Amino acid sequence: MIQVYNTLTREKEIFKSITPGKINMYVCGPTVYNYIHIGNARSSIAFDVVRRYFEYRGYEVNYVSNFTDVDDKIIKRAREEGVDEMTIANKYADAFEEDTLPLNIKPATVRSRATEVIPDIIVFVQDLIEKGYAYESEGDVYFRAKKFKGYGILAHQDLNEMTENAAGRLDDDELIRKEDPIDFAVWKATHEKDEISWQSPWGDGRPGWHIECSVMAQKYLANTIDIHGGGIDLAFPHHTNEMAQSEAHTGQKFVNYWMHNGFVNVNDQKMSKSLGNFTTVHDMLKHYDDPMTIRFLLATTQYRRPINYSPDTLAQARVALDRIRTGYRNLLFRLNEAAVGQDDVVEIAIEKQITFFESAMDDDLNTPNALASVFELVTLANRYAEDKAVHSNTVKHLLDTIRLFMGIFGITGLSGEPQITDMQKQLLDARESARASHDFDLSDQIRQQLSEVGIIVEDTAQGQRWHQA
RNA sequence: GGUAAUAUAGCCAAGUGGUAAGGCAACGGUCUGCAAAACCGUCAUCGCCGGUUCGACUCCGGUUAUUACCUCCA
């Protein structure tokens, strides 16, 4: 039984998919006007872990996400650089793929761009107008927020206050165009000649921000989807508006479980351009050689909690991950000499941790608790690796379990997949025989030589073992 | 002002109405030619004040602090 926290009800709820064994989930993707920042990465990783866990639990997950590739920020950026909007959008959409690859984020089943669904958006907006939920005004089309029963409940905002707040921020022109300050744009008229635009029944224009997600979720998934994810800041206005549009359009419930990830702070400060701490994944990967550590930090914090990203927290993550890697290697090293069979005592201990891991993850993806069971498995592995005799079934079971669980967090390559040359292999052999004959000067010299090319040699009761730094 | 979240050891971070997971650091051992890794052990009474209860860190009320959202934002 899996439970997830639903932002709409503010409670952990028992998860039940609409179609048994299948999950339709939609996660809001980035606006492609710049390299993605660590917050975008966190969101992608959080829902990547959700997806991987549901897959581990046997679900087939249909994962749809978008690129917002038409928007004010993109238009602005294009103007600044003197290129057209699609040049900007394509560049940063490609960069997204590049930057998420080292972080081992699974590609979406469908990754759609707003500009690919313009005809669908127009049909959708037309329908909203026909149903009386939207109205055209000077080429813009606005959604009548108050006509939609329950507007604002996702973010638990009071309608009157929202109206006041909205009224205070709008300029006079907007107030004139809107029937009510709280109404939001589903279609925006083009006012400048150099802006990207599409023809529509309301004149040249482009879609509002929220409409693309409503359209894609319906087009690629269904009227009612199982899970909708995104950053907590999207609960209002983005998801609030999506929900209003979608339910007004279909007359059906839009989303069964709304899941929102927490923010990433950088050095204990909110990430923002004004503070100059806008950390892009692109830069991080350039200056940090172990992307799996970044992934580890982002994936093993419970998804709703804030994360502080700093050199310190990253260093802690590195040490923790290295402990897992080392334990994995320590046992892997014994695999070749393992006897046939298994050890029941260890097997029982492994099963206990599997149960613990699963119940932690079942509880709204409690990754910190799940991680604790991985550490228990690592201790088991280290201890077992020191046993005089080991059995292959148990060695494999331990290794497989650790790898499987880390895989749910999206961490791969635990053993470092070492590659050495024949020459280096000969050196290792030479060192082994030097040690056997107690020629420690020679063995130390070879160890030093190997360490200079990144091969770390360690001696154990079971003989020499090595790994790459 | 409104709506929420969070406050647990030096640090990161779980958790439960019956006396606090895990990781790092620290300290003490074991193993060891050295180095490294590992193993064993030690290490908190849960922001503050009240209340409910046989018993609360875990429920209720209040209070303090920090943070986020209230149409740029993952």
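Just so you know, these numbers come straight off a predicted model, no measurement behind them. Only this structure's heavy atoms are used, side chains among them; waters, hydrogens and symmetry mates stay out.
A salt bridge is defined here as a Lys NZ or Arg NE, NH1 or NH2 lying under 4.0 Å from an Asp or Glu carboxylate O, and A:Arg52 with A:Asp48 meets this definition.
Here, B:rG47 and B:rA56 have their C1' atoms 16 Å apart, quoted to the whole Å. The same atom, C1', is picked in B:rC12 and in B:rG50; the two are 32 Å apart, to the nearest Å. Nucleotides B:rC24 and B:rG41, compared at atom P, are 14 Å apart to the nearest Å. One C1' atom belongs to B:rC59, the other to B:rG23, and the distance between them is 31 Å to the nearest Å. If you take atom P in B:rU67 and the same atom in B:rU8, they sit 15 Å apart, rounded to whole Å. For the C1' atom pair drawn from B:rC69 and B:rG51, the interatomic distance equals 33 Å after rounding to whole Å. Taking atom P on both B:rA13 and B:rU6, the two are 13 Å apart, rounded to the nearest angstrom.
Aromatic rings from A:Phe440 and A:His438 are positioned such that their centres are separated by under 6.0 Å. Ring to ring, A:Phe184 and A:Tyr142 are not that close: their centroids are 6.0 angstrom or more apart.
Of the candidate nucleotides B:rC72, B:rU71, B:rA74, B:rC72 has the atom lying nearest to any side-chain atom of A:Lys73. Side-chain proximity of A:Phe375 to the nucleotides B:rG22, B:rU6, B:rU3 is greatest for B:rG22. Among the nucleotides B:rG15, B:rG23, B:rU71, the one closest to any side-chain atom of A:Asp363 is B:rG15. Comparing B:rA21, B:rC39, B:rC70 against the side chain of A:Arg383 picks out B:rC39 as the nearest. Of all nucleotides listed (B:rA35, B:rU3, B:rC39), B:rA35 comes nearest to the side chain of A:Glu458. With B:rC34, B:rC39, B:rU71 as the choices, the nucleotide that has an atom nearest any side-chain atom of A:Thr379 turns out to be B:rC39. Listed candidates were B:rA74, B:rG33, B:rG2. Nearest to the side chain of A:Arg435 is B:rG33. Relative to the side chain of A:Gln316, the nucleotides B:rA68, B:rG33, B:rG23 differ in distance, and B:rG23 lies closest. Among the nucleotides B:rG2, B:rC39, B:rC34, the one closest to any side-chain atom of A:Glu161 is B:rG2.
As the counterpart of B:rU19, no nucleotide is assigned, since no Watson-Crick or G-U wobble pattern has both distances under 3.5 Å. Nucleotide B:rG1 forms a Watson-Crick or G-U wobble pair with B:rC70, both donor-acceptor distances falling under 3.5 Å. Pairing partner, B:rU6: B:rA65, with both Watson-Crick or wobble hydrogen-bond distances short of 3.5 Å. Judged by Watson-Crick or G-U wobble contacts below 3.5 Å, the nucleotide B:rU30 has B:rA38 as its partner. Taking a pair to require two hydrogen-bonding distances under 3.5 Å in either a Watson-Crick or a G-U wobble arrangement, B:rU58 remains unpaired.
An OP1 or OP2 oxygen of B:rG15 is reached within less than 4.0 angstrom by a side-chain nitrogen or oxygen of A:Asn366.
Under the stacking definition used here (centres under 5.5 Å, planes under 30°), the residue A:Phe440 qualifies as stacked on the base of B:rG33.
In this structure, A:Arg42 fails the cation-pi test against A:Phe263, since its NZ or CZ atom is not both closer than 6.0 Å to the six-membered ring centre and inside 45 degrees of the ring normal. By the 6.0 Å and 45° rule, A:Arg77 does not stack over the aromatic ring of A:Tyr33.
When each of A:His438 and A:Ala320 is assigned the nucleotide of RNA chain B bearing its nearest heavy atom, the one mapping closer to the 5' terminus is A:Ala320. Residue-to-nucleotide proximity on RNA chain B shows that, of A:Thr460 and A:Asn40, the 5′-proximal contact is made by A:Thr460.
Scanning atom types as modelled, no donor and acceptor separated by under 3.5 angstrom connect the side chain of A:Arg323 and the base of B:rC24. Counting distance only, with no hydrogens placed and no angle test, the side-chain atoms of A:Asn165 and the base atoms of B:rG2 include no donor-acceptor pair under 3.5 Å.
In this structure, A:Asp158 places its CG atom 14 Å from C1' of B:rA4, rounding to the nearest Å.
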